[in-house]
Amino acid sequence: MQQFDRTQEDLGNSIHLEHVNVQVPDQRLATLFYVTGLGLTRDPYLMVSDTNMWVNVGRSQFHLPTGTAQVLRGHTALIIPGRKALLDRLASVASKLAGTAFAYGENNDHVEATCPWGNRVRCFEPDAARFGRITLGIPYVEFEVPKGTAKGFCAFYPEIMGIKAELKNGDGVVARVKVGKDQYLQFRSAAAELRRPSCADLHH
């Protein structure tokens, strides 16, 4: 009889990365980027006025209230199937987003896009070996953190929050904190010292 190690199924005290919240100054431009460009959908029932928008990414969301632009120091990863269609959509909004920070480009394993105010997203195709069963969603949010701090994140989250964390070495030193099924917060330690970050509101 097959034996199961149920400790491997334990997610700890965080079971889902529900949303990423950043303020945007212009709901129209946000719609062009997140909905028309990325191909995501606006929640049709909640926050449907012109002062806030909830954008669905599978079981997760972006929350985009109107206000002074907040820019995450790092990037949000998205699983979005259909690379060519994604590139076509991003190209279709380029002229309407001219004069903003909007940009996009292809990499070997992902498409990187920048919103009109500088927030970066990396869009990957579904890949069970890398991202588990997510076919549309947010597998991780990555923060760029000061040199030498990654170990501290690995100590803080298990001890204080009761959340699993591990230290990875590869392209820099990364603290990887498990916040849901196949979902992570990642804290990548920079090669050089960084300035103190500004406050960007992230909920999980």
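Only heavy atoms go into these numbers, but all of them, side chains included; no hydrogens, no water, no symmetry mates.
In terms of the ring pair (Phe, Tyr, Trp, His ring centres under 6.0 Å) criterion, Y184 has no residue partners (sequence neighbours excluded). For the side-chain contact (heavy atoms from CB on, under 4.5 Å) test, residues two or more places apart in sequence or in another chain that qualify with T149 are V145, P146, F153. Remark: D50 pairs with no residue by the side-chain contact (heavy atoms from CB on, under 4.5 Å) rule, at least two apart or across chains.
Contact check for L78 versus L38: side-chain heavy atoms found under the 4.5 Å cut-off. Considering only heavy atoms from C-beta on, L64 stays 4.5 Å or farther from Q23 through its side chain. With a 4.5 Å cut-off on side-chain heavy atoms, N21 and F62 do not count as touching. A heavy-atom distance below 4.5 Å is not found between the side chains of M53 and M47. The shortest distance between side-chain heavy atoms of E18 and S60 does not fall below 4.5 Å.
Of the possible polar contacts, one joining the D127 side chain to the A129 backbone as a donor-acceptor pair under 3.5 Å is found. A distance-only check finds no donor-acceptor pair linking the side chain of N56 to the backbone of Q61 [under 3.5 Å]. Of the possible donor and acceptor atoms, one in the side chain of R120 sits under 3.5 Å from a partner among the backbone N and O of G74. Looking only at distances, no side-chain donor or acceptor of E166 sits under 3.5 Å from a matching main-chain atom of R176. Here the side chain of D43 pairs a donor or acceptor atom with the backbone of Y45 at under 3.5 angstrom.
Shortest non-hydrogen contact noted between G118 and A101 is N-CB, 3.7 Å. Taking both residues in full, the closest heavy atoms of N52 and R42 are given as O-NH2, 2.9 Å, listed atom of the first, atom of the second, then distance.
In this structure, CG on D26 lies 9.5 Å from CG on L97, to the nearest 0.5 angstrom. The distance from the CD1 atom of I80 to the SG atom of C123 is 4.0 Å, given to the nearest 0.5 Å. Here CD of E159 is found 12.5 Å from SG of C154. Values are rounded to the nearest 0.5 Å. Note that the NZ atom of K178 and the CG atom of L185 stand 12.0 Å from one another [nearest 0.5 Å].
For the 3.5 Å distance criterion, the side chains of T66 and Q27 qualify, holding a donor opposite an acceptor.
Applying the side-chain hydrogen bond (donor to acceptor under 3.5 Å, both in side chains) test to every pair with at least one member in residues 77-94, sequence neighbours left out, gives these pairs: R83-E106, K84-D88.
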Residues 132-141, side-chain donor-acceptor partners within the protein, below 3.5 Å, at least two apart:
from : atom 1 : to  : atom 2 : distance (Å)
Y140 : OH     : H75 : NE2    : 3.0

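Hydrophobic cluster membership differs between W54 and V35, with clusters built from Ile, Leu, Val, Met, Phe, Trp and Tyr side chains linked at under 4.5 angstrom. Under a hydrophobic clustering in which Ile, Leu, Val, Met, Phe, Trp and Tyr are joined whenever their side-chain heavy atoms come within less than 4.5 Å, directly or via other members, I79 and L17 fall into different clusters. Taking hydrophobic clusters as Ile, Leu, Val, Met, Phe, Trp and Tyr residues chained together by side-chain heavy-atom distances below 4.5 Å, V111 shares a cluster with V93. Under the 4.5 Å side-chain heavy-atom criterion for ILVMFWY residues, a single connected hydrophobic cluster contains both V55 and L29. The same ILVMFWY cluster, assembled from side-chain heavy atoms under 4.5 Å apart, contains both Y34 and L90.
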Next on the checklist: Please evaluate residues V177 and F187 with respect to the criterion side chain to side chain contact (heavy atoms under 4.5 Å, CB included), reporting the C-alpha separation (whole Å), side-chain torsions for both, the decisive distance (0.1 Å), and the verdict.
Outcome noted: CA-CA 8 Å; V177 180; F187 300 89; 3.9 Å; yes
Next on the checklist: Checking Y104 against V121 for the side chain to side chain contact (heavy atoms under 4.5 Å, CB included) test, could you report, in this order, the C-alpha distance in whole Å, the side-chain angles of both residues, the deciding distance, and whether it holds?
Outcome noted: CA-CA 9 Å; Y104 70 98; V121 296; over 6 Å; no
Next on the checklist: With side chain to side chain contact (heavy atoms under 4.5 Å, CB included) as the criterion, how do F33 and T114 come out once you've worked through the C-alpha distance, each side chain's angles and the decisive distance to 0.1 Å?
Outcome noted: CA-CA 9 Å; F33 178 74; T114 304; 5.9 Å; no
Checklist entry - Can E144 and S189 be said to form a side chain to side chain contact (heavy atoms under 4.5 Å, CB included), step by step? => result CA-CA 6 Å; E144 298 167 4; S189 184; over 6 Å; no
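In this pair, F131 and F124 present their aromatic rings tilted. The plane angle is within the 30 to 60° band. The aromatic rings of H63 and H19 sit parallel, their planes meeting at an angle under 30°, below the 60° perpendicular limit.
Grouping Ile, Leu, Val, Met, Phe, Trp and Tyr residues whose side-chain heavy atoms lie under 4.5 Å apart, directly or via other members, leaves V48 alone, with no other cluster members.
The residues R122 and E112 are annotated as salt-bridged, a charged nitrogen and a carboxylate oxygen being separated by less than 4.0 angstrom.
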